[in-house]
Amino acid sequence: MLFVLLLERTSCRLIYSAVEKKSQKPPAAAAAAQFGDSMATTTTVNVKLSRSNRIYRSSEPVEGKIVIKSATSISHQAIRLSVNGSVNLQVRGGSAGVIESFYGVIKPIPIVKKTIEVRSSGKIASGTTEIPFSLNLRESGESIAEKFYETFHGTNINIQYLLTVDIPRGYLHKPLSATMEFIIESGRVDLPERPIPPELVIFYITQDTQRHPLLPEIKTGGFRVTGKIATQCSLQDPLSGELTVEASSVPITSIDIHLIRVESIIVGERIVTETSLIQSTQIADGDVCRNMTLPIYVLLPRLLMCPSVFAGPFSVEFKVCITISFKSKLAKAQPKSDPTAPRLWMALERLPLELVRTKRDQFSC
C-alpha cells in the first residue's frame with residue numbers, strides 16, 4: 001500500500017514538471033522578444049533646428065539635423081521630412097449659441113504642406129547618426145508672404161507650424177517619428193522701418209466714465225486718474241506709458257495693466273467673438289501718492305501675441321485694460337475671478353492695441 005502511494009506521488013511530480021516546462025518559452029523565442037523590446041526602447045529620433053529660438057521667416061529655408069540614436073544598426077524604407085502649417089479654429093460652447101456649438105472644431109485653414117525625402121531606403125549604423133536637412137517653405141517664384149500668418153496660440157485660434165520626420169521600417173517593425181514646432185514671423189518686404197514711433201493716447205478715468213455701477217462712497221466721493229499709453233507698438237518693444245492719480249476720496253489698493261486678446265471667427269452667417277486674458281501686470285500696490293507719475297512698462301509675451309490679423313474667416317485683435325481697485329470690505333468677501341470684469345469697487349478703462357512687426361524685429365534673432 002505504501003509502495004502504491006509513493007508511485008502516485010512520483011507520477012504527480014512528473015506531470016507537474018512536464019506542464020511547467022511546457023508553459024515556459026523556448027530560450028530562443030524569449031531572447032528574440034527581449035531583443036525586440038530593447039530595440040524599441042533604445043532607438044530614438046529627434047529634430048534639432050539650426051536656430052535655438054526656432055524662429056524663421058517664410059522666405060528662409062528651415063534647416064537643421066535629424067538625430068538618430070540606436071544601440072544597433074537598423075534598416076529603413078526611407079526617411080521623410082514633412083512641414084505642416086495651418087490655422088486651427090474652434091468654437092467653444094460658452095462663446096457661441098446653440099447652433100454654433102454644433103460646429104465644434106471648424107475645418108483648419110491650410111497654410112503650407114509639403115514632404116521631402118531626406119534619405120532613400122537603407123541602413124542606419126549603430127550609435128548617433130546626424131542627417132542634415134534644408135526645407136523651403138515657399139516654392140521658387142512664389143512671392144505671396146501674407147498667407148504665412150505668424151505663429152499664435154490663442155483660445156479659439158491657433159496658428160501652428162510643425163516639422164515631422166517619419167522613418168518607416170516595414171511591416172514587422174514599428175515606425176519611428178518625431179515632431180518639432182517652429183515659429184514663423186512675418187517675411188514681408190513692406191514692413192515699417194525701425195524704429196516705429198509709438199502712438200500715445202491720452203486717457204482719463206473718473207466716476208463719470210464708468211458704464212457699470214460703483215459703490216456709493218466711490219461714486220459720491222469721486223476720483224480722477226489721467227495718463228497716456230501706447231496703442232500701437234512693435235512686438236519686440238514693451239508697452240509703455242504713464243499714469244497719475246490726481247484725486248481719490250477712497251484709498252486705492254491696486255492699479256493693474258491687463259493685456260486682452262479678442263478672437264473672432266465666422267461661423268455660418270454669424271461672427272463668434274471671445275475675449276480672454278493674456279497677462280496681468282501690477283504697476284502700483286496700495287494707496288499711491290496723489291499727483292505722482294507712475295511709469296507703465298509691460299513686456300509682451302511672444303507666443304501668446306502676434307501682429308493684429310484681419311483675415312477673411314477670422315481675426316485676432318488686442319486690447320489694454322487699466323483697472324483701479326479701491327479699498328472695500330466687499331472686495332475681500334467676493335471670490336477672485338476675471339480681473340477685467342466690472343466690479344462695484346473697481347474702475348476700468350479699455351483701449352485698443354495694434355501690434356505690428358518691424359524690420360528691426362527681423363534681425364533681432
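Phe326 and Phe223 have their aromatic ring centers within a separation under 6.0 angstrom. Residues Phe152 and Phe314 place their aromatic rings such that the two centres sit no closer than 6.0 Å.
Exactly one residue among Ile257, Ile296, Ile260 makes a side chain to side chain contact (heavy atoms under 4.5 Å, CB included) with Val320. That residue is Ile257. The residue from Val83, Asn84, Ile184, Ile159 that alone fulfils the side chain to side chain contact (heavy atoms under 4.5 Å, CB included) condition with Ile111 is Ile159.
Residues Leu162 and Glu181 have side chains in contact (heavy-atom distance under 4.5 Å, counting atoms from C-beta outward). A 4.5 Å side-chain heavy-atom check between Ile124 and Ser70 finds every atom pair outside the cut-off. Within the 4.5 Å cutoff, the side chain of Thr275 has no heavy atoms near those of the Thr340 side chain. The side-chain heavy atoms of Tyr56 and Leu49, taken from C-beta on, include a pair separated by under 4.5 Å. The closest side-chain heavy-atom distance from Ile278 to Pro301 is below 4.5 Å. Side chains of Gln279 and His258 form no contact here, defined as non-hydrogen atoms less than 4.5 Å apart. By the 4.5 Å heavy-atom criterion applied to side chains, Glu242 and Pro295 are not counted as neighbours. In this structure, the side chains of Ile68 and Ile167 come closer than 4.5 Å at one or more pairs of heavy atoms.
Crowding of Lys48 atom NZ: a count of heavy atoms from other residues, nucleotides or ligands under 6.0 Å not exceeding 12. Atom CD1 of Ile271 sits in a sparse spot, with 12 or fewer heavy atoms from other residues, nucleotides or ligands closer than 6.0 Å. Around CG of Leu330, the count of heavy atoms belonging to other residues, nucleotides or ligands within 6.0 Å exceeds 12.
No hydrogens or angles considered: nothing links the side chains of Ser126 and Thr72 as a donor-acceptor pair under 3.5 Å. Of the N and O atoms on the side chains of Thr206 and Asp208, not one donor lies less than 3.5 Å from an acceptor on the other residue. Using modelled atom types, one finds no donor on one side chain facing an acceptor on the other under 3.5 Å when comparing Glu263 with Asn156. There is a side-chain donor-acceptor pair under 3.5 Å between Ser254 and Gln282. With 3.5 Å as the limit, one finds no donor-acceptor pair spanning the side chains of Tyr161 and Ser58.
The side-chain hydrogen bond (donor to acceptor under 3.5 Å, both in side chains) test applied to Arg54 returns no partner, not counting sequence neighbours.
Looking at Arg261 and Glu317, no side-chain N of the basic residue comes within less than 4.0 Å of a carboxylate O on the acidic one, giving no salt bridge.
Here the side chain of Thr244 pairs no donor or acceptor atom with the backbone of Glu246 at under 3.5 angstrom.
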